[in-house]
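Here's the structure, in C-alpha cells; my notes come after.
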Amino acid sequence: MRSRAEVLRDVRAASDAAALPAKNLNAARRRALFTWKTARERRPARRVVAAFATVLALLVGGLVLLPRGPSLTYVVGPGAEAGQLGAWIAAEREATPLRFSEGTVVTLASGSRARVTQADAQGASLLLERGTLHARIVHASSSTRWSIHAGPFEVAVVGTEFDLAWDPGRERLDVALHEGRVVVSGPLLDDGRALVPGERLHVSVSEHRSELSRGVPPETPPSAAATSATAEPPPPIGGAGPGAEAPGPAPAAAPPAPEHRRDAAAEPGWRALAAKRRYREAMAAAQREGFERVLASASAADLLELADAARYSGEFQRAREALLQARRLGAPGRSAFLLGKLAADHLGTPGDAITWFQTYLDEEPGGGLAEQALGRLIELRQRRGDAAGASAAAALYLGRYPGGAYASLAQTAVAP
C-alpha cells in the first residue's frame, strides 16, 4: 500500500512546473489526491478481511485442538486388573482377555505374550510378541483406528473381528477375518493386503511365501498352546502304524516279540512327529533315540526343527543346546534371535539375551526380525540400568522404524 508521500513524490517527478501548463499540473494533483484517498478508504476493508481470516483460523484451530474424549483404558484377565501401557501381558495357563473401555475385547490364547503400546480416544496399538489372539474391535466412530503389530507385520483395523497368530521362531503370520475389514502390511505384501470376511492370509518370511485362501481358520502356532502348563500329556503311542498287516495267529512254539521292539517299530521318529506339530511327542522320541546322539547326527536344518519342538514343549535348555549346535554347523541369523528370546524370556539371563540379539543384528541387519531384536535390546538395556546403551539402541530404532511397534518405548529411552 503506497503512502501519501510516495504519491506526491510521483506527482513531483511527473510534473515539471516550468514546462507544463497549469491545467495539466492541477489534473495531476487531482489524480494523486484521488489515489491517496482511495487507498485510505480501502484500508479498513482490508483490515476487516484480515481480521475475519484470523478469526476463522482460530476457530478451525480451536476445533482441531478440542479434546476428542478420554483415552481408552483396559482391564486384564478374569480379575479385571487395571492395564498399564507398555506392560507385558503373558497368558501362561489360560486364555486372557483384555477388555477396553469402549467395548473392544482382545483375547490372548494360552501361551501368548503381548502388550498395549499406545491408547487414545480413537483406538489403541498392540504388540503381539508370540502366540494367538482373537480381536473384536468396536467401531465407535468414523475416526476409530486400531493397529496390531506382530514381528515385521502390522494389521490396520477400523472395526472388525478376526484371529491373528504370530510365530516369531518360524517367522510365520496367519490372519483370518470374520467380520469387517483389515489391511495387513509387511514383508512379501507389497503395499499391503486388504482382507474381506472369510479370507485367511498366511505369510512365511523364512520360506518367502504368502498365500490367500477362503473359509479356512488360522493355524494356531504351537507356541500358543504347547507351552500351557495345563495341557494334557499326549496319549501313549501303541499299536501298528498305518498300512501294517493284520497280525495272524502266532505259532505255538514261537515266543512273542519283546514288547519294547514292537513299540519301537510302531513309533514314528522325532522328525516325523515334529513335522506334524506333535512337539511333545517329538521330544519324547528324541529322548528315546538319545538326545546327544540326535544332536551329533542331525543337520543344521533338522536342529532348528528340534529346537522349535523343544521350545514349544517347554524344554528350553534342550532348545538352547540344539540352537548352539545348529550354529556350529553354519546356521546364523534366526538361531541367534531364538537364543536371545530363550535367554530373555525363559532362562533368566538378560546379559546373554543382549549378546544374542546384537549378534542377530550383526548377522542380518535387514532381516525380518531386526525390528523386534532392536526393540528387545532397548527393553533389556533399560531393565539392566544401561541408560546409555538403551538410548543408543532407541536412537537407532527410531531412525529405522519411526512408526514401529517399539517407537513409544524408544522415545522414553532416547537421550534428550
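These numbers were taken from a predicted model, which means no experiment stands behind them.
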Inset, instruction - Please report the C-alpha distance between Q317 and L347 in whole Å, then the side-chain angles of each, then the deciding distance to 0.1 Å, and finally whether the side chain to side chain contact (heavy atoms under 4.5 Å, CB included) criterion is met. - result: CA-CA 8 Å; Q317 190 59 47; L347 301 179; 4.0 Å; yes

Inset, instruction - With side chain to side chain contact (heavy atoms under 4.5 Å, CB included) as the test, would you mind laying out the steps for V75 and E81 before giving the verdict? - result: CA-CA 5 Å; V75 295; E81 299 178 6; over 6 Å; no

Inset, instruction - For the pair R130 and D167, evaluate salt bridge (Lys or Arg N to Asp or Glu O under 4.0 Å) and give the outcome as yes or no after the intermediate values. - result: CA-CA 6 Å; R130 66 171 185 267; D167 181 348; over 6 Å; no

Inset, instruction - Let me see the working for V184 and L173 under side chain to side chain contact (heavy atoms under 4.5 Å, CB included), right down to the final yes or no. - result: CA-CA 10 Å; V184 186; L173 178 83; 3.9 Å; yes

Inset, instruction - Given side chain to side chain contact (heavy atoms under 4.5 Å, CB included), test W146 with F100 step by step and report yes or no. - result: CA-CA 12 Å; W146 283 73; F100 289 80; 3.7 Å; yes

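Of the possible donor and acceptor atoms, one in the side chain of T412 sits under 3.5 Å from a partner among the backbone N and O of L409. Using a distance-only test at 3.5 Å, with no hydrogens or angles considered, no donor-acceptor pair links the side chain of E379 to the main chain of R381. Distance alone, capped at 3.5 Å, is enough to place a donor-acceptor pair between the S204 side chain and the E207 backbone. Judged purely by atom type and a 3.5 angstrom limit, S335 has no side-chain atom pairing as donor or acceptor with the backbone of R327. Without hydrogens or angle criteria, S125 side chain to Q118 main chain gives no donor-acceptor distance under 3.5 Å. Side chain of E363 to backbone of G333: a donor-acceptor contact under 3.5 angstrom is found. Judged purely by atom type and a 3.5 angstrom limit, Y360 uses its side chain to pair as donor or acceptor with the backbone of L369. With S297 contributing its side chain and R293 its backbone, the two residues share a donor-acceptor pair below 3.5 Å. With hydrogens and angles disregarded, a donor-acceptor distance shorter than 3.5 Å links the side chain of S313 to the backbone of A309. With hydrogens and angles disregarded, a donor-acceptor distance shorter than 3.5 Å links the side chain of D120 to the backbone of G123.
Shown here are the salt bridge (charged side-chain N to carboxylate O under 4.0 Å, His left out) partners of E305, two or more places apart in sequence or in another chain: R170. With sequence neighbours left out, the ring-ring contact (aromatic ring centres under 6.0 Å, His included) criterion links F153 to W166. In this structure, R115 has no salt bridge (charged side-chain N to carboxylate O under 4.0 Å, His left out) partners at least two apart in sequence or on a different chain. Partners of R193 according to the salt bridge (charged side-chain N to carboxylate O under 4.0 Å, His left out) rule, which considers only residues two or more places apart in sequence or in another chain, do not exist here. Remark: R99 pairs with no residue by the salt bridge (charged side-chain N to carboxylate O under 4.0 Å, His left out) rule, at least two apart or across chains. By the side chain to side chain contact (heavy atoms under 4.5 Å, CB included) test, Q287 pairs with F291, E315, R318, sequence neighbours left out.
With values rounded to the nearest 0.5 angstrom, I148 atom CD1 is found 3.5 Å from F162 atom CZ. To the nearest 0.5 Å, atom CG of residue L329 and atom CG of residue L324 are 11.5 Å apart. For the atom pair CG (L108) and NE2 (H134), the distance works out to 12.0 Å, reported to the nearest 0.5 Å. In this structure, the separation between CG on L398 and OH on Y401 is 11.5 Å, given to the nearest 0.5 Å. Interatomic distance, CD of E129 versus CZ of R113, reported as 4.5 Å (0.5 Å rounding). Within the model, atoms CZ of R328 and CG of L295 stand 8.5 Å from one another, a figure rounded to the nearest 0.5 Å.
Between V205 and R172 the shortest side-chain heavy-atom distance does not fall below 4.5 Å. Using a 4.5 Å cut-off on side-chain heavy atoms (C-beta onward), E364 and F337 make no contact. Within the 4.5 Å cutoff, side-chain heavy atoms of L306 are placed close to those of V294. In this structure, R384 and P350 have side chains that are in contact, with non-hydrogen atoms separated by less than 4.5 Å. The closest side-chain heavy-atom distance from L127 to V116 is not below 4.5 Å. Side-chain atoms of L374 and L396, non-hydrogen and from C-beta on, do get closer than 4.5 Å to each other. The closest side-chain heavy-atom distance from T132 to L164 is not below 4.5 Å. Using a 4.5 Å heavy-atom cutoff, the side chains of L133 and D163 are not in contact.
With no hydrogens or angles considered, no side-chain donor-acceptor pair links D386 and Q382 at under 3.5 Å. Judged by distance alone, the side chains of S213 and E211 never bring a donor and an acceptor atom under 3.5 Å apart.
The shortest non-hydrogen separation linking F316 to H346 is CZ-ND1, 3.3 Å. Scanning both residues, L303 and Q325, for their nearest heavy atoms gives CD1-CG, 3.4 Å. Closest approach of A353 to G340, counting heavy atoms only: CB-O, 3.4 Å. Here the shortest heavy-atom pairing between A274 and Y279 reads O-CE2, 3.8 Å. Taking both residues in full, the closest heavy atoms of E94 and P78 are given as OE2-CG, 4.0 Å, listed atom of the first, atom of the second, then distance. Scanning all heavy atoms of the two residues, the minimum distance from Q372 to G151 falls at OE1-CA, 3.8 Å.
Other residues, nucleotides and ligands contribute only 12 or fewer heavy atoms inside 6.0 Å of the CD atom of Q84. Counting heavy-atom neighbours within 6.0 Å of E289 CD, excluding the residue itself, gives a total above 12.
Between D345 and R376 there is a salt bridge, since at least one side-chain N of the basic residue sits less than 4.0 Å from a carboxylate O of the acidic one.
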